[in-house]
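Keep in mind that this is a model prediction, so the values were computed, not measured.
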Amino acid sequence: MKYQRLHGKLLYSAMLLVIYILGKNIPIPWVGVAVDDAVSDGAVSSLMQFIIGNSRDQVSVFALGLTPWMTASIIIQLSTLSQRGAGRRGSSASIQKTIRYLALVFAAAYAWVRSASMDLIPFYGDSLVLSRLAVILTMMAGSFAVLWLGEQNCLRGIGGLTLIILIDIIRNFTRIFSSAISDIRTAEDGAGSPAALLLIILIGVAGIMMMILFENSEIRLPVQRVMIDSEMEGDNYIAIKLNPAGTQPMMYVMAFYLVPYYLFYVLAMLFPESARIGYLSENMTINHPFGAVVYLAMFIFITISLAYVQINPSDLSEQMRQRGDCIVGIAPGRDTEHCLNRIVRRHGILSAVVQSLFIGIPMMLCIVWTSESNLFMLPMLLMIIAGIMQNISIEIRVIHRLDHYNPVL
C-alpha cells in the first residue's frame, strides 16, 4: 500500500501523544492544590512552564516530563566528550545506561524539591512523610514513563523524543501570547506596550529565518576516497552544518539551568544566615542580570561543546586514516584533525554567538524594562519550534520517499 510506512508512523506518534497529554491531565492523588510559587518565581516560573508545564501540569503524574533525562543527557555527553579527548570511549549502550542512572538521581532530586512546595494530603494518620514519599515516587515513575514513550516514538514513530518537547512548547506557547496580550491591555509603555510586543515578535521572526538558514547551510570538504573510482570522487565530501548542534542547546539549557537554580534554593534553606548564598538564590532568575548572564554563558558553552559531540574531529580523522581517505589538499592524520577542529570550533562559536543574541536581546530588554513579562521567551520558543519542525519535515520526506520503493523479495 502506498505511504503505508509513513501513515503507520504518523498514527503511532499521534497515539503516543494522546497518552502523554492524558498523563499531563491526571493529577497526583496526594496533592491538594496547585504548586505554590515559592520554588519558582517570575521568569524561572515561565521557564519551567515550557519544560514541565503550567501549575496544573506540575502536579500531574507526568509532572517532570523529560527534564531529568535532558539534564542527565547533557552532563554525560559533555563528560563523554572529555573522555574521547583522553582516548577513552564507552559503548553507546553503556552511555545510555549511565544517562538513565543519572536521570533517576535528578528525577528524585527534582521531585523532592517540587514536593516541598505542594499542599500534600495525608493518607495515613496525620504524617505527611508517606504522602511526600508517594508523590516523589509517582513523579519519578511518571518521568521514566515519558522517557519510555519518547523512546518508543524513536523506534516506531516520527520525531523521537523531540516530538514530546515540541508538544509541550506548543501547548504552553499560547499562554505566553495570551499573557502578552493581557499586558498590552493594562500597560502603556515598557514590556507591556504594543511596540515592545512587536519588537519581540520581529526578533522571533528573524530568529526563525536564522535557524532555517543555519540548519540548511553547510560547508563541504571534498574527500579523496581510495576505494572509489575517480569519476565519482567529485561527489564525495564531508558536510559540516553551520549549526552543528542544531536545536539541542536551546532545549538542554532550559533543563540544565534548573540545576544551579535548585541548588542555590536548597542551600538557602539549609544556610539561611549566609548572605552570599541568599544573594545567589534570590538573583538566580532570568529576569535579573546575574541569572541572565549565567543562562547565556551556559547556552554558549553547551552549543560549542555539543558541536564537538555531533562532529568529533579526532574520531572522524582516525576513521578516514584507517580507510585511507583524506581531505583534498590536507594530509591524513594530525593535519586532518586540526583542519576539522578549526571548522567545528568556528561553526560552533558562530552559531553560539548568533543564537545567544536572539535569545539574550529580548531577555536584556525585559531586564531594562524591569518587567517579569514572558515576552523574552517568545524568540527562543519560535526558534526551537522552527528547528524541530524542520527536522521532522526532513524525516517525513525521507520516509515518504522510502514508501515509493517496493520490497526486493
Would you say Phe301 has more than 12 foreign heavy atoms packed within less than 6.0 Å of its CZ? no
side-chain contact (heavy atoms from CB on, under 4.5 Å) between Leu242 and Ile219, worked out: CA-CA 7 Å; Leu242 202 58; Ile219 182 174; over 6 Å; no
Any idea how Tyr279 and His288 line up, ring-wise: parallel (<30°), tilted (30 to 60°), or perpendicular (>60°)? perpendicular
Nearest-0.5 Å distance that lies between atom OG in Ser60 and atom CE in Met139: 8.0 Å
Can you check whether Pro244 reaches Leu306 side chain to side chain, under 4.5 Å on heavy atoms? no
At their closest point, which heavy atom of Leu120 faces which heavy atom of Val135, and how far apart are they? CD2-CG2, 3.8 Å
Checking side-chain polar atoms at under 3.5 Å, does Tyr110 have a donor or acceptor matched by the opposite partner on Thr71? yes
Is there a side-chain contact between Asn391 and Glu215 (heavy atoms, below 4.5 Å)? yes
Please collect all side chain to side chain donor-acceptor pair (under 3.5 Å) contacts where either partner lies in residues 345-367, sequence neighbours excluded, each pair once. Asn243-Gln355
Could you walk me through whether Leu221 and Ile343 satisfy the side-chain contact (heavy atoms from CB on, under 4.5 Å) test, starting with their C-alpha distance in whole Å, then the side-chain angles of each, then the deciding distance to 0.1 Å, before giving a yes or no? CA-CA 10 Å; Leu221 305 176; Ile343 295 173; 3.5 Å; yes
What distance do Leu199 atom CG and Leu378 atom CG have between them, rounded to the nearest 0.5 Å? 11.5 Å
Separation between CZ of Phe264 and OG1 of Thr285, rounded to the nearest 0.5 Å: 12.5 Å
Would the number of heavy atoms belonging to other residues, nucleotides or ligands and lying under 6.0 Å from CE of Met269 be above 12? yes
Tabulate below the donor-acceptor pairs under 3.5 Å that side-chain atoms of residues 155-165 make, not counting sequence neighbours, or state none.
residue : atom : partner : partner atom : Å
Arg156  : NH1  : Gln152  : OE1          : 2.3
Thr162  : OG1  : Gly159  : O            : 2.5

Look at the side chain of Ser115 and the backbone N and O of Trp112, then say whether any donor-acceptor pair between them is shorter than 3.5 Å. yes
Give me the ring orientation class for Tyr261 and Tyr257: parallel if the planes are under 30° apart, tilted from 30 to 60°, perpendicular past 60°. parallel
Using the rule given for side-chain contact (heavy atoms from CB on, under 4.5 Å), can you reason through Ile330 versus His338, listing the C-alpha separation, both sets of side-chain angles and the distance that settles it, and then say yes or no? CA-CA 10 Å; Ile330 305 293; His338 288 167; over 6 Å; no
Quick one, Arg114 and Tyr262 - any side-chain contact, counting heavy atoms below 4.5 Å? yes
Measure the shortest side-chain to side-chain distance between Ile26 and Phe62 over non-hydrogen atoms and say whether it is less than 4.5 angstrom. no
Check this for me: Met389, atom CE, are more than 12 non-hydrogen atoms of other residues, nucleotides or ligands nearer than 6.0 Å? no
Quick one: pull up CD1 in Ile212 and CE in Met383 and give me the separation to the nearest 0.5 Å. 11.5 Å
Minimum side-chain heavy-atom gap Leu66-Met70 below 4.5 Å: yes
Min side-chain heavy-atom separation Ile385-Leu166 under 4.5 Å: yes
Give, for atom CG of Leu78 and atom OG of Ser73, the distance between the pair rounded to the nearest 0.5 Å. 9.0 Å
Is Ser281 reaching over with its side chain to a backbone N or O of Ile277, donor-acceptor style, under 3.5 angstrom? no
Any ion pair linking Glu337 and Arg334 (charged N to carboxylate O, less than 4.0 Å)? no
Could you go through Gln310 and Gln248, starting from their C-alpha distance and side-chain angles, then the distance that decides it, and tell me whether this counts as side-chain contact (heavy atoms from CB on, under 4.5 Å)? CA-CA 11 Å; Gln310 296 298 322; Gln248 288 187 64; 2.9 Å; yes
Do Ser79 side-chain atoms and Ile76 backbone N/O form a donor-acceptor pair below 3.5 Å? yes
Return the minimal non-hydrogen interatomic distance between Thr303 and Pro249, and the atom names on each side. OG1-CB, 3.2 Å
Do you know the tightest heavy-atom contact between Phe358 and Ile203? CD2-O, 3.5 Å
Any side-chain heavy-atom pair from Phe106 and Val259 closer than 4.5 angstrom? yes
Minimum heavy-atom separation for Leu16 to Leu149, with atom names? CD1-O, 3.4 Å
If I compare all heavy atoms of Asn153 with all of Ser13, which pair ends up nearest, and what's the gap? OD1-OG, 2.6 Å
Hey, does Phe299 have a side-chain heavy atom less than 4.5 Å from the side chain of Met250? yes
Looking at Ile200 and Pro362, what are the two nearest heavy atoms and their distance? CD1-CB, 3.7 Å
Could you give the distance from OG1 (Thr336) to CE (Met320), rounded to the nearest 0.5 Å? 5.5 Å
